[in-house]
Amino acid sequence: MSRPYGPHILPSDITPEAVFMDRRRVLAQGLAAGALLGAATPLTALAADAAATDRYKAPRNARYSVTDTPNSYEEITGYNNFYEFGTDKSDPAANARNFKPTPWTVTVDGECEVKGSFALEDLLSPQTLEERVYRMRCVEAWSMVIPWVGFPLAELLKRYKPTSKAKYVAFTTLNDAKQMPGQRERVLDWPYVEGLRIDEAMHPLTLLAVGVYGKVLPNQSGAPLRLVVPWKYGFKGIKSIVRISFVEQQPRTSWSHAAPNEYGFYANVNPAVDHPRWSQASERHIGGGLLAKRQATLPFNGYGAEVASLYQGMDLRRFF
Ligand SMILES: Nc1nc2c(c(=O)[nH]1)N[C@H]1C(S)=C(S)[C@@H](COP(=O)(O)O)O[C@H]1N2
Ligand SMILES: [Mo]
């Protein structure tokens, strides 16, 4: 496979928005026709989907929600990065349909007192599920606003009683090329891995998401369980997590391993530190259309008041 643009700049990224939206429309029409619903429109197909999966309706946490207008469900679930299902933005929605996120077990291990393999149901605390509208910013300089449903990662981590040696938390995505066709290509070193410093992991903004728009996460969004860290570039938000490990040393992370000069461990959104191949000073808001102005990228993606103190005294050019 030839990839003339290198990681994170693929032909799909330079497809004009209008062409992309057209392709979506064609896809949606094709889907509705295939559903044997006669005069069905894409909207009724979406409504049927909603009825089947509308079970994560949760109260909105206003303290941790932005007031920006959220992107549409279709934008959020039709324009994704999930290389296990292909590198094009429309690949995950198309190729993750047969993925089976149930039953699901997550292994918790490393520097903690309680460890083992746990069914997803035992990991979740449904009574603490809440909706949070977060700004999301991809390292490729596009952004969305997403109403996640989930719970703070800290709530989960505390139950496993990390020891004083737990300086970092490492996360691993499922490794199963039978279900994840993208893993047959060596685009990345599978499985996808990510990590956070323990104080970042324990920060109240760090969310484990299980839903979006009140619905169970669709496969392309990282079902059944994915990380959301809104002040960091999107690649930190590892999807379809099967392992959470407390570790003493800074863990390996997929993108910094693939291209250490381009992607760092911290990956805090920072308009002052450009990616070596493009500017990080502005972003294209998905759904804004072809003529929409790019918007300025904010330090820590706008969450500086909450998280800047975590990095006091650190040179953020060096620890990018
Ligand atoms: N396992 C896994 N997690 C992943 C990725 C991936 O390729 N594999 N892509 C990351 C990137 S680059 C981004 S921008 C976000 C996108 O999340 P979204 O599709 O829900 O918007 O997922 C992140 N999590
Ligand atoms: Mo990304």
Side-chain angles (χ1 to χ4, degrees), residues 49-59 61 73 76-77 80 82 84-85 92-93 95-110 112-132 134 146-162 166 169-180 182-183 190-196 201-202 204-229 236-247 251 254:
D49 179 47
T53 56
D54 224 6
R55 67 180 161 102
Y56 281 159
K57 282 260 178 269
N61 183 333
Y73 184 82
I76 293 167
T77 61
N80 302 97
F82 199 171
E84 284 84 340
F85 295 104
N95 299 336
R97 279 193 207 128
N98 297 323
F99 180 69
K100 288 269 169 301
T102 42
W104 193 264
T105 44
V106 179
T107 300
V108 182
D109 61 6
C112 56
E113 285 170 32
V114 184
K115 29 188 140 200
S117 285
F118 303 90
L120 185 67
E121 299 70 47
D122 299 329
L123 249 116
L124 292 182
S125 36
Q127 67 283 6
T128 65
L129 283 185
E130 55 187 49
E131 179 179 75
R132 294 182 177 200
Y134 277 172
I146 303 187
W148 298 112
V149 178
F151 59 97
L153 174 64
E155 269 180 28
L156 182 143
L157 296 184
K158 283 175 193 155
R159 279 188 264 139
Y160 297 89
K161 303 197 189 321
V169 186
F171 304 87
T172 310
T173 293
L174 181 68
N175 195 14
D176 181 1
K178 280 203 282 305
Q179 286 202 77
M180 297 176 140
Q183 289 181 335
W190 311 113
Y192 196 100
V193 287
E194 256 306 335
L196 295 172
M202 292 290 190
L205 274 171
T206 304
L207 203 68
L208 273 177
V210 294
V212 65
Y213 266 113
K215 305 180 212 323
V216 173
L217 274 187
N219 293 339
Q220 62 267 34
S221 300
L225 185 70
R226 58 87 54 86
L227 187 64
V228 177
V229 195
K236 299 297 286 184
I238 184 172
K239 295 175 168 179
S240 305
I241 298 168
V242 292
R243 183 177 195 150
I244 301 177
S245 307
F246 295 96
V247 295
S254 282

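Computed from heavy atoms alone, side chains included, the values below leave out hydrogens, waters and symmetry copies. Only a predicted model underlies this, so the values are computations on that prediction, with no experimental measurement involved.
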> Rounded to the nearest 0.5 Å, what separation is found between the OG1 atom of T102 and the CD atom of E121?
Replying inline: 8.5 Å
> Within a strict 4.5 Å, meaning less than it, do heavy atoms of the W190 and M180 side chains meet?
Replying inline: no
> Yes or no on side-chain contact (heavy atoms from CB on, under 4.5 Å) for T206 and L227, after CA distance, side-chain angles and deciding distance?
Replying inline: CA-CA 8 Å; T206 304; L227 187 64; 3.9 Å; yes
>> Are the side chains of C112 and K161 in contact, using a 4.5 Å heavy-atom criterion?
In response: no
> Which pair of heavy atoms, one from A223 and one from S240, lies closest together, and at what distance?
Replying inline: O-OG, 2.7 Å
> Below 4.5 Å, heavy atoms only, C-beta onward: do P251 and L196 meet side chain to side chain?
Replying inline: no
>> Checking T105 against S117: is there a side-chain donor and acceptor pair closer than 3.5 Å?
In response: no
> Nearest 0.5 Å, what's the CZ-CD1 distance between R226 and I241?
Replying inline: 8.5 Å
> Can you name the closest pair of heavy atoms from A201 and L153 and give their distance?
Replying inline: O-CD2, 3.5 Å
>> To check you understand the geometry: which heavy-atom pair defines the closest contact between P101 and P224, and what is its length?
In response: O-CG, 3.6 Å
> Are K115 and Y160 in a cation-pi contact, defined as NZ or CZ under 6.0 Å from the six-membered ring centre and within 45° of the axis?
Replying inline: no
> Got a sec, which residues hit salt bridge (charged side-chain N to carboxylate O under 4.0 Å, His left out) with K236, two or more places apart in sequence or on another chain?
Replying inline: E194
> Is T173 close to E84 at the side-chain level, that is, under 4.5 Å between some pair of heavy atoms?
Replying inline: yes
> With K100, which residues qualify under side chain to side chain contact (heavy atoms under 4.5 Å, CB included), at least two apart?
Replying inline: Q179
>> Is the shortest side-chain heavy-atom distance between L157 and M202 below 4.5 Å?
In response: yes
> So, R132 side chain and I146 main chain: donor-acceptor pair closer than 3.5 Å or not?
Replying inline: no
> What distance do L225 atom CG and L174 atom CG have between them, rounded to the nearest 0.5 Å?
Replying inline: 12.5 Å
>> Let me confirm one number: the CG-CZ distance from L208 to F171, rounded to the nearest 0.5 Å.
In response: 6.5 Å
>> Are the side chains of I244 and V169 in contact, using a 4.5 Å heavy-atom criterion?
In response: yes
> Is there a side-chain contact between V108 and F118, using heavy atoms and a 4.5 Å cut-off?
Replying inline: yes
> If only atom types and distance count, is the side chain of T107 paired as donor or acceptor with the main-chain N or O of G116 below 3.5 Å?
Replying inline: no
> Nearest 0.5 Å, what's the OG-OH distance between S221 and Y213?
Replying inline: 12.0 Å
> Do side-chain atoms of Q220 reach the backbone of T77 as a donor and acceptor pair under 3.5 angstrom?
Replying inline: yes
>> On a heavy-atom basis, which atom in F85 and which in P92 lie closest, and how many Å separate them?
In response: CB-CA, 3.8 Å
> Where the side chain of N80 meets the backbone of F82, is there a donor-acceptor pair that is under 3.5 Å apart?
Replying inline: no
>> Any non-hydrogen side-chain atom of Y56 less than 4.5 Å from a side-chain atom of V210?
In response: yes
> Considering residues at least two apart in sequence or located in another chain, which fulfil the salt bridge (charged side-chain N to carboxylate O under 4.0 Å, His left out) criterion with K57?
Replying inline: D54
> Between CG of L217 and NZ of K239, what distance do you get to the nearest 0.5 Å?
Replying inline: 9.0 Å
> Hey, is the main chain of A96 close enough, under 3.5 Å, to the side chain of N219 for a donor-acceptor pair?
Replying inline: yes
> side-chain contact (heavy atoms from CB on, under 4.5 Å) between Y134 and V228: does it pass, once the steps are laid out?
Replying inline: CA-CA 9 Å; Y134 277 172; V228 177; 3.5 Å; yes
>> Evaluate V106 against R243 for side-chain contact (heavy atoms from CB on, under 4.5 Å), listing each step before the verdict.
In response: CA-CA 5 Å; V106 179; R243 183 177 195 150; 5.8 Å; no
> Donor-acceptor pair, Q183 side chain versus D176 backbone, under 3.5 Å?
Replying inline: yes
